[in-house]
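Let me begin by presenting the structure, written as structure tokens, before commenting on it.
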Amino acid sequence: NYTVAGDSVLDHQAYSRAIAGGGSIGLGAAGAYAKAENAADATVTIADGAVVTAGNDVELKGRIYNQTEARAIGAGVGIVGVGISMSYAESGDGSDLVVRIANATVDAGNDVSLDALARNDALADTISAAGGIIGVGVNDGHATITYDVTAEITSGATVTAGREISVNADSVVEGYSKSFGVSVGAVSVASQVAKTRITSNVTASAGGSLTARTLDIDAVLRPVDDSVDAAYAETKAGSGSLIGVTATSSLAKITGDVTAFVKDTAVLQVSDAIAINASSSTDQHAKTSGITVGLALALGFNTATSESDIDTAAYVGKNVSISGGAVIGGLVEGKDYYIKFDDERAFNSAAVNTATDEITLGADHGLQTGDRIDYFPELIGNSYSGSLSGFAVGQTFYAIVDDPASGKIKLAYDQARAQAGTAVDLTGTGAGNQKFVIHKPRQVQLLDVTFGNNLNDDGIASATLMTIDPS
């Protein structure tokens, strides 16, 4: 296995809190300002010119977790009471997470995976209170997330995997802004603003020369879980007096592009399946409420806005070549071949070892422990040659295969004994050429037949042996 990982501190947090209070007979003023900023980058790459070979997996992982929280509380009491609270939580600030295979050569026996996951949380919370003959309460809370996530295989890369190539980019977001305030006086004014803005561009792409059984390209923009809004903004305001005025405004907005694609001019040799997915599942929620009480005059202004502007696209680029894999050596693409079951294994007396009870059939015999085989000595004229260990013509045995690479087998009288490894004691080598006929053979021969002859050995121009799944 070959692993490249670029991880930010899992809980990368910025926290700011401001509390202010003011009180006097004349002017009582309090201003609280809290700002928290958090931006963590990570770049994970196999660089230009690199050559990476792994018997199992090649894995590139990038992880970012930005948590940002700002809270402000202010209270002012006096003949003129003023309470102002402002909080700003900014997560990402234009940073990004990039996981990339550049113009490199990568070869894995099993899987090649690129996995970029970024989570960004931003919380802005403001509370203010004001009281006096003239009471003014003002709150302003902003939660902002700006973060891009990219996973890509560049156009100059050559990537080969025995099983799967996967390219995944995942952006998880949660923005929350809250602004609560109250103002009391002969003349009271309460103004509350809460804004949550999220911008995230998520891109997963693959190019170059790619060879695998499956190719999976996935780009996702989502909330922490389905029960949570990705963007939430809430304001509450109350004023009570002879003259009362409240104004509240809430905004929850998400913008971005979510794109998954195969790059232009890519060459794909994928034998099973190609999946390209781009998805966005974000909810926005803006909520506002105001209570105004005035004996002479009461005015209330409340607005709540929820917006989503996300473009989602999944596609295959221009001039992309897609095939099910390379042509098997020795065969011609599109040509017709005939199948002949490869159900005989020949051997002679020299291949029999009575000391170890083994018979050498040679490489690629295709047998497995428990396979049923029938024995036949060589037929010379009208009679058979000397039989192996006195076995009957056509006698059934079951193979024991301890090491397939050795090309050797042992014999058992039944399947149970074969599975238990109980071999027949070979007391003689037989004479001349002999063979086993295999029931349910796992291999076939492809025959290139010259028409005009019977479908037998006389009509064969060439034969190529290949292994197939017996199921």
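Of the N and O atoms on the side chains of Tyr176 and Asp121, not one donor lies less than 3.5 Å from an acceptor on the other residue. Residues Glu234 and Tyr232 have side chains that bring a donor and an acceptor to within less than 3.5 angstrom of each other. For Thr255 and Thr199, the side-chain atoms include at least one donor-acceptor pair closer than 3.5 Å. In this structure, a donor-acceptor pair under 3.5 Å is absent between the side chains of Asn168 and Asp115. Side-chain contact annotation: Ser177 with Thr196, donor-acceptor N/O pair under 3.5 Å present. Side chains of Ser205 and Lys263: a donor on one and an acceptor on the other come within 3.5 Å.
Rounding to the nearest 0.5 angstrom, the gap separating the CG atom in Asp148 from the CG atom in Asp41 is 10.5 Å. Taking CZ from Arg71 and OG1 from Thr126, the interatomic distance works out to 10.5 Å, rounded to the nearest 0.5 Å. To the nearest 0.5 Å, atoms CG (Asp357) and OG1 (Thr427) are separated by 9.5 Å. Here the CZ atom belonging to Phe436 is positioned 5.0 Å from the CD1 atom belonging to Ile409, to the nearest 0.5 angstrom. Going from atom CD1 of Ile359 over to atom CG of Asn348 covers 11.0 Å, rounded to the nearest 0.5 Å. A distance of 12.5 Å separates CZ in Arg163 from CG in Asp272, rounded to the nearest 0.5 Å.
Across every non-hydrogen atom of Pro223 and Ser281, the tightest pair is CD-O, 2.8 Å. Here the closest non-hydrogen pair linking Ala231 and Ile198 is CB-CD1, 3.9 Å. The heavy-atom pair separating Glu344 from Lys435 by the smallest distance is OE2-NZ, 3.5 Å. Considering every non-hydrogen atom in both Ala418 and Ala399, the closest pair reads CB-O, 3.6 Å. Nearest heavy-atom pair, Ser280 versus Thr312, reported as atom, atom and distance to 0.1 Å: CB-OG1, 4.1 Å. Nearest heavy atom pair, residue Ala355 against residue Asn353, reads N-OD1, 2.9 Å.
For Asp402, the salt bridge (Lys or Arg N to Asp or Glu O under 4.0 Å) partners two or more places apart in sequence, or in a different chain, are Lys410.
In this structure a side-chain-to-backbone donor-acceptor pair under 3.5 Å is present from Gln415 to Gly370. Side chain of Asn201 to backbone of Asp257: a donor-acceptor contact under 3.5 angstrom is found. The closest donor-acceptor contact from the side chain of Ser200 to the backbone of Tyr147 lies under 3.5 Å. Judged by distance alone, the side chain of Ser389 and the main-chain N or O of Gly428 form a donor-acceptor pair under 3.5 Å. Using modelled atom types, no side-chain atom of Ser95 and backbone atom of Ala39 make a donor-acceptor pair closer than 3.5 Å. Side-chain atoms of Thr369 come within 3.5 Å of backbone N or O of Val401 as a donor-acceptor pair.
For the salt bridge (Lys or Arg N to Asp or Glu O under 4.0 Å) criterion with Arg222, the lone passing option out of Asp229, Asp283, Asp170 is Asp170. With Asp371 as the fixed residue, the side chain to side chain donor-acceptor pair (under 3.5 Å) test singles out one of Lys440, Arg442, His439: Arg442.
Between Lys318 and Asp264, no side-chain nitrogen of the basic residue sits less than 4.0 Å from a carboxylate oxygen of the acidic one, so the salt-bridge criterion is not met.
Residue pairs meeting the side chain to side chain donor-acceptor pair (under 3.5 Å) criterion with at least one partner in residues 96-109, sequence neighbours excluded, are Arg100-Glu152, Asn103-Thr154.
Below 30°, between 30° and 60°, or above 60°: for Phe397 and Tyr413 the angle between ring planes is between 30° and 60°, a tilted geometry.
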